[in-house]
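Worth saying up front: this structure is predicted, and the values here are computed from it rather than measured.
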Amino acid sequence: QVQLVESGGRLVQAGGSARLSCWASGLTFSRVGMGWFRQKSGAGYEFVAAINWNSAVKYYDDSVKGRFNISRDNAKNTVFLLMNNLKPEDTAVYYCAAAEGGGASQRFDDYVNWGQGTQVTVSS
């Protein structure tokens, strides 16, 4: 049974930073691409960042490019999202997801396992 457990969500002031973690079990973590998506209140899922199996390929949504950094530690079955210079519009529930293959993808449908989400709230 695959489990993805996010942590690190918190209330932060605009301009601040937060680091999200997602620990995975029940899958061969080092062989799958990982992604972060977010869901703002009343809205659908939106892509944030993705990383392939060996960290060679990373993608970011334009809204977070230059502020967020995705990374992974395959030895610890964990993917991270470091978020800097946070803005109120970054407020959302953030979800990590595991892809079916090893590539990095921006497509929601390429992800087959999802975490429960962690809330990030950015105050102005």
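Sorted by first and then second residue, the disulfide bond (SG atoms under 2.5 Å apart) pairs with a member in residues 9-119 read Cys22-Cys96; sequence neighbours excluded. Sorted by first and then second residue, the pairs that involve residues 98-108 and meet side-chain hydrogen bond (donor to acceptor under 3.5 Å, both in side chains), not counting sequence neighbours, are Ser105-Asp110, Arg107-Asp110.
Checked against side-chain contact (heavy atoms from CB on, under 4.5 Å), Ser7 has the following partners two or more places apart in sequence or in another chain: Ser21. Under the rule for a side chain to side chain donor-acceptor pair (under 3.5 Å), the partners of Gln116 that lie at least two apart in sequence or sit in another chain are Glu6. Annotation: salt bridge (Lys or Arg N to Asp or Glu O under 4.0 Å) contacts of Asp62 (sequence neighbours excluded): Lys65. Checked against ring pair (Phe, Tyr, Trp, His ring centres under 6.0 Å), Trp114 has the following partners two or more places apart in sequence or in another chain: Phe37, Tyr45, Phe108. Qualifying side chain to side chain donor-acceptor pair (under 3.5 Å) partners for Ser55, counting only residues two or more places apart in sequence or in other chains: none. Legend: residues meeting side chain to side chain donor-acceptor pair (under 3.5 Å) with Gln3, ordered by chain and number and at least two apart, are absent. Every residue two or more places apart in sequence or in another chain that forms a side chain to side chain donor-acceptor pair (under 3.5 Å) with Arg67 is listed here: Asp90. The salt bridge (Lys or Arg N to Asp or Glu O under 4.0 Å) search around Arg10 returns none, not counting sequence neighbours.
Formation of a donor-acceptor pair under 3.5 Å by the Asn52 side chain with backbone atoms of Val57 is found in this model. Asp73 contributes no side-chain N or O that, together with a main-chain N or O of Thr78, makes up a donor-acceptor pair within less than 3.5 Å. Under a 3.5 Å cut-off, the side chain of Lys58 and the backbone N or O of Ala50 do not form any donor-acceptor pair.
Summarising the hydrophobic clusters (Ile, Leu, Val, Met, Phe, Trp, Tyr; side-chain heavy atoms under 4.5 Å, direct or chained), the residues clustered with Leu82 are none. With side-chain heavy atoms closer than 4.5 Å counting as contact, directly or through intermediates, the hydrophobic cluster containing Ile51 also holds Val2, Leu4, Val12, Leu20, Leu27, Phe29, Val32, Met34, Trp36, Val48, Tyr60, Val64, Phe68, Ile70, Val79, Leu81, Met83, Leu86, Tyr94, Val120, Val122.
Within 6.0 Å of atom NZ in Lys76, 12 or fewer heavy atoms from other residues, nucleotides or ligands are found, so the atom counts as exposed in its surroundings.
For the pair Arg38 and Tyr95, the cation-pi criterion (under 6.0 Å, within 45° of the ring axis) is not fulfilled.
Judged purely by distance below 3.5 Å, without hydrogens or angles, the side chains of Glu89 and Thr91 never pair a donor atom with an acceptor atom. Between the side chains of Ser17 and Asn84, a donor-acceptor pair is found at a separation under 3.5 Å.
Pro88 approaches Ala14 most closely through the heavy-atom pair CD-CB, 4.1 Å. Across every non-hydrogen atom of Ser123 and Leu11, the tightest pair is CB-CD1, 4.3 Å.
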